[in-house]
Novice: 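Attaching a single structure in structure tokens format; questions to follow.
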Amino acid sequence: MKKFLKGLTAFALAVGLLTSCGEEEQPNNFVTISGIPPTAVVEAGQRVGPVTANITANDGLATLVIIKNGDTIETINFNGETAASHEFSYASTEEDANSNVVFEFVVTDSNGDSQTVTHVLTVGEEATTLRITENIEEDVTWETGKVYVLTERITVTGGATLTIQPGVIVKGEAGSGPNATALVIARGSKINAVGNADQPIIFTSVADEIEPGMIASPNLDPNITGLWGGLLILGNAPGSLAGDVSEVQIEGIPPSDTNGLYGGDDPDDDSGMLKFISIRHGGANIGEGNEINGLTLGGVGSTTVIENIEVVANEDDGIEWFGGTVNVKNAIVWSSADDAIDTDQSWAGELDNFIIVAGSETDHAFEIDGPEGSFNAAHTIKNGTVIGHEAAELGDFRDGARASLQNIYFYGFGDPAATEGRGDFSLDGDDSASNFESGVLNFNNLQVTLPEGVALADVFRHGTHVHATAVAEGENTVGADKSAFANWSWTAVAGNLDDL
């Protein structure tokens with residue numbers, strides 16, 4: 001049975017017990033403990049308190065001993081004062097589940113007389129769905145077998161580390177504009193989300209009925225986009241920013257939230273680790289033309305490890321880099337509504353072994369943008385397979401594009417002449433053609449299966465055809481190693497890679 005964590009258990013009862021005495025006698029050791037009720041009910045993993053025990057003893061207090069199931073867990077010594085207070089908190093454990101936990105609060109006065117108040121905590125099943133309602137400012141772990149619901153934009157900040165164990169599912173509630181839900185890793189903080197091939201970590205929408213242990217959604221189609229935001233990782237690595245400033249606000253986060261800043265001067269910056277991650281149904285719009293990418297990497301440094309990443313059905317780009325130096329290995333993007341792979345601001349890393357599966361809404365397989373400031377760096381994209389769609393373009397190289405694309409196989413695109421210019425590979429930006437001529441933008445060993453009757457130069461335009469070869473479908477000698485995506489990715493489980 002799944003239950004939602006409802007926050008801290010609140011206590012408002014006061015318990016007062018008297019020592020045994022004759023009806024006419026004034027009690028010698030009058031003890032009052034307020035804030036500790038005789039009973040309470042929680043779920044395993046839920047915290048009791050903090051509550052304050054207010055204690056009085058006419059003869060002066062000596063000790064307060066707190067006993068759990070017969071074992072002393074805390075002893076507080078006093079100095080004879082007649083009144084004192086003590087804050088008590090207890091986090092029930094998995095071992096407490098489906099049992100009664102008995103706490104005894106034993107007060108002893110300076111004469112050795114004692115008073116006991118008993119509290120019985122009834123612990124139910126462990127909560128398996130937990131709502132995250134505020135930013136994460138200290139180290140925390142999200143545990144295997146549980147679902148964590150983002151109720152708003154949640155930021156890991158203050159140098160904290162969020163650890164996500166294998167098999168965890170993270171769901172974002174619906175929201176748009178400044179209320180779009182997302183998980184943001186601010187500069188100086190880290191995410192260590194390490195799944196594995198048997199237990200990937202899945203980011204999705206609350207509309208998704210997927211549960212731990214599942215790979216494919218049981219109710220959402222893989223073309224439903226924009227149901228929540230996405231995952232944004234921000235670092236201190238350099239980028240080519242307009243005006244040669246050192247930091248800017250990432251797209252997808254309102255300017256009022258300074259946790260959205262990225263950029264710096266540390267190319268080796270470490271934002272943590274992502275492995276075996278699937279991000280689905282995201283891309284909520286926070287403003288006109290300002291959607292959130294599936295995975296946004298802003299100024300992320302080279303010490304960060306990002307491997308085995310899947311993005312499915314995002315309203316904006318699948319993965320977008322804004323400067324930084326991080327490398328990404330084994331990435332798959334399926335049915336993005338804008339670009340599958342988008343690079344900006346002189347990202348200086350490498351993407352190695354990737355698959356793109358274009359959908360009916362996909363704009364470009366690649367959108368490569370150039371520097372915005374005086375800093376000029378280039379990146380490498382290599383060893384990939386791009387499964388096209390007649391509505392999509394192979395690649396668009398914008399102003400000042402600087403990159404190296406190597407060993408990539410394209411197939412399944414439409415005829416550019418019959419699809420209003422879709423289905424081509426073009427150098428459309430200022431200086432992109434001159435960068436190609438000078439070798440700053442270069443291509444090596446590109447292969448393509450062409451639509452019937454289409455010439456190589458009709459697809460690979462502006463002279464790029466000299467670095468491309470037409471091959472029959474399935475006869476390619478370059479492309480991705482699809483075994484990296486077997487079993488754990490929805491794309492593979494859905495059969496999209498069977499013919500590769």
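Just the heavy atoms: all of them, side chains too, but no hydrogens, waters or symmetry mates, feed the values below.
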Novice: Would you say that T385 contacts K482 through its side chain, given a criterion of any heavy-atom pair below 4.5 Å between the two side chains?
Specialist: no

Novice: V440 and side chain to side chain contact (heavy atoms under 4.5 Å, CB included): which partner among N435, D431, N376?
Specialist: N435

Novice: By the definition side chain to side chain contact (heavy atoms under 4.5 Å, CB included), identify the one residue from I319, I368, T296, D317 that meets it with D342.
Specialist: D317

Novice: So E307 and M273, side-chain contact (heavy atoms from CB on, under 4.5 Å) or not? Walk me through it.
Specialist: CA-CA 8 Å; E307 299 177 359; M273 183 178 299; over 6 Å; no

Novice: Give a yes or no answer on whether the side chain of N135 reaches the backbone of T155 with a donor-acceptor pair at less than 3.5 Å.
Specialist: yes

Novice: What do the steps show when you test L500 against I387 for side-chain contact (heavy atoms from CB on, under 4.5 Å), and what is the final call?
Specialist: CA-CA 9 Å; L500 294 189; I387 305 172; 3.9 Å; yes

Novice: Just checking, is any N or O donor in the side chain of T491 or N496 under 3.5 Å from an acceptor N or O on the other one?
Specialist: no

Novice: Run through D415, T362, D363 and flag the one making a side chain to side chain donor-acceptor pair (under 3.5 Å) with R422.
Specialist: D363

Novice: For N442 and S404, test the side chains for any donor-to-acceptor distance below 3.5 angstrom and give the result as yes or no.
Specialist: yes

Novice: Which of parallel (below 30°), tilted (30 to 60°) and perpendicular (above 60°) describes W321 and W347?
Specialist: parallel

Novice: Going by ring-ring contact (aromatic ring centres under 6.0 Å, His included), F354 matches just one of Y409, F485, F366, W334. Which one?
Specialist: F366

Novice: Any side-chain donor-acceptor pair under 3.5 Å between S374 and D244?
Specialist: yes

Novice: With a 4.5 Å heavy-atom cut-off, do D369 and T343 have their side chains touching?
Specialist: no

Novice: Tell me yes or no: between the side chains of T477 and Q447, is some donor less than 3.5 Å from an acceptor?
Specialist: yes

Novice: Give a yes-or-no answer on whether the side chains of N383 and N353 include a donor-acceptor pair shorter than 3.5 Å.
Specialist: no

Novice: Is Q165 close to K146 at the side-chain level, that is, under 4.5 Å between some pair of heavy atoms?
Specialist: no

Novice: Taking the six-membered ring for Trp, is the centroid-to-centroid distance between F425 and F413 below 6.0 Å?
Specialist: no

Novice: Working to the nearest 0.5 angstrom, can you tell me the gap between S426 OG and L394 CG?
Specialist: 9.5 Å

Novice: If you count every heavy atom of other residues, nucleotides or ligands that lies below 6.0 Å from E390 atom CD, does the total exceed 12?
Specialist: no

Novice: Keeping the roles fixed (side chain from S205, backbone from A207), state whether a donor-acceptor pair exists under 3.5 Å.
Specialist: yes

Novice: Can you find a side-chain donor-acceptor pair between E350 and T380 that sits under 3.5 Å?
Specialist: no

Novice: Kindly determine whether L295 and L274 satisfy side-chain contact (heavy atoms from CB on, under 4.5 Å), including the steps that lead there.
Specialist: CA-CA 11 Å; L295 176 61; L274 295 180; 4.1 Å; yes

Novice: Quick one: does D208's side chain get under 4.5 Å of I169's, heavy atoms only?
Specialist: no

Novice: I want to check something: taking the side chain as every heavy atom from C-beta on, are L150 and V170 in contact at a cut-off of under 4.5 Å?
Specialist: yes

